[in-house]
*Asks:* 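Quick one: structure below, then a few questions.
Worth saying up front: this structure is predicted, and the values here are computed from it rather than measured. In what follows, every heavy atom counts, from backbone to side chain, and hydrogens, waters and symmetry copies are set aside.
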Amino acid sequence: MMRAWTLPTFYVLCGSVAAAGLILTGSPGASAVLLAVFVLLGAAHSPLVFPRSLGALEAQRLSAVDGKPVVYWRPGCAYCMRLRMRLGRRARQLYWVDIWRDPAGAAAVREVNDGNETVPTVFVAGRPHVNPDPGWLRERLSS
């Protein structure tokens with residue numbers, strides 16, 4: 001769990017140090033702007049921007065019932081962030097599994113990626129798709 005917050009915490013700490021330096025040099029306005037940018041970067045790379053993560057077994061079971069895709073992701077992954085942002089509100093129509101929180105999810109990803117934890121890995125109708133184009137996935141959600 002802590003690993004998921006390492007990068008966001010790093011962003012906020014770096015922003016705080018840089019902002020403190022700007023305050024000491026007499027630039028409180030620039031300091032506030034810089035700190036806000038780093039806090040936004042930290043928030044964007046945190047697990048907070050993703051829908052609630054499920055366990056891999058629960059996501060697979062629910063997907064088998066209603067046919068919704070399962071997305072395996074991890075915090076700090078730029079490709080996962082791209083997929084999440086490009087899906088917009090439709091991201092809530094998928095089941096999200098954080099592979100850093102769920103060993104079964106990490107194992108499912110390694111199984112289809114030659115032992116690598118390559119994310120995002122999306123299972124649509126039981127077939128894995130590694131780092132799919134967000135537009136392609138949006139089309140699958142609309143049909």
*Asks:* For H129 versus R127, what's the shortest heavy-atom pair and its separation?
*Replies:* CD2-O, 3.2 Å
*Asks:* Would you mind telling me which of V130, V112, I99 makes a side chain to side chain contact (heavy atoms under 4.5 Å, CB included) with T118?
*Replies:* V130
*Asks:* Closest heavy-atom contact between A104 and A56?
*Replies:* C-CB, 3.8 Å
*Asks:* Determine all donor-acceptor pairs shorter than 3.5 Å in which one atom belongs to a side chain in residues 65-79; sequence neighbours excluded.
*Replies:*
unit_1, atom_1, unit_2, atom_2, d
D66, OD1, K68, N, 3.1
D66, OD1, Y95, OH, 3.4
D66, OD2, Y95, OH, 2.3
Y72, OH, Q60, NE2, 3.0
W73, NE1, S53, OG, 3.3

*Asks:* Determine the sole option in N116, N113, V97 for which the side chain to side chain contact (heavy atoms under 4.5 Å, CB included) test with T121 is passed.
*Replies:* N113
*Asks:* Following the transitive rule for hydrophobic clusters with a side-chain heavy-atom cut-off under 4.5 Å over Ile, Leu, Val, Met, Phe, Trp and Tyr, establish whether V109 and L62 coincide in one cluster.
*Replies:* yes
*Asks:* Identify the two heavy atoms, one from I23 and one from P28, that lie closest to each other, and give their separation to 0.1 Å.
*Replies:* CG1-CA, 4.5 Å
*Asks:* Keeping N131 on the side-chain end and P120 on the backbone end, is there a donor-acceptor pair under 3.5 Å?
*Replies:* no
*Asks:* Check for me, please, whether L41 and F10 land in the same ILVMFWY cluster - side-chain distances under 4.5 Å, paths through other members count.
*Replies:* no
*Asks:* List the steps, then state whether side chain to side chain contact (heavy atoms under 4.5 Å, CB included) holds for S63 with F123.
*Replies:* CA-CA 9 Å; S63 178; F123 280 78; over 6 Å; no
*Asks:* Is there a side-chain contact between D98 and R52 in this structure, where contact means two heavy atoms from C-beta onward sitting under 4.5 Å apart?
*Replies:* no
*Asks:* Where is the tightest heavy-atom contact between P8 and G42, given as atom of each residue plus distance?
*Replies:* CB-O, 3.2 Å
*Asks:* Can M85 be reached from W136 by stepping across I, L, V, M, F, W or Y side chains whose heavy atoms are under 4.5 Å apart?
*Replies:* yes
*Asks:* So which atom in T25 and which in L22 form the shortest heavy-atom distance, rounded to 0.1 Å?
*Replies:* OG1-O, 2.9 Å
*Asks:* Looking at E58, I'd like to know if its CD atom is crowded, meaning that more than 12 non-hydrogen atoms belonging to other residues, nucleotides or ligands lie closer than 6.0 Å.
*Replies:* yes
*Asks:* Counting N and O atoms only, with roles assigned by atom type, does the side chain of R84 sit under 3.5 Å from a partner on the main chain of G88, one being a donor and the other an acceptor?
*Replies:* yes
*Asks:* Using the side chain to side chain contact (heavy atoms under 4.5 Å, CB included) criterion, which residues pair with L87? Sequence neighbours excluded.
*Replies:* L83, A91, L94, W96, L137, R138, L141
*Asks:* So, S16 side chain and V12 main chain: donor-acceptor pair closer than 3.5 Å or not?
*Replies:* yes
*Asks:* Say whether, by atom type as modelled, one donor and one acceptor occur between the side chain of T9 and the main chain of W5 under 3.5 angstrom.
*Replies:* yes
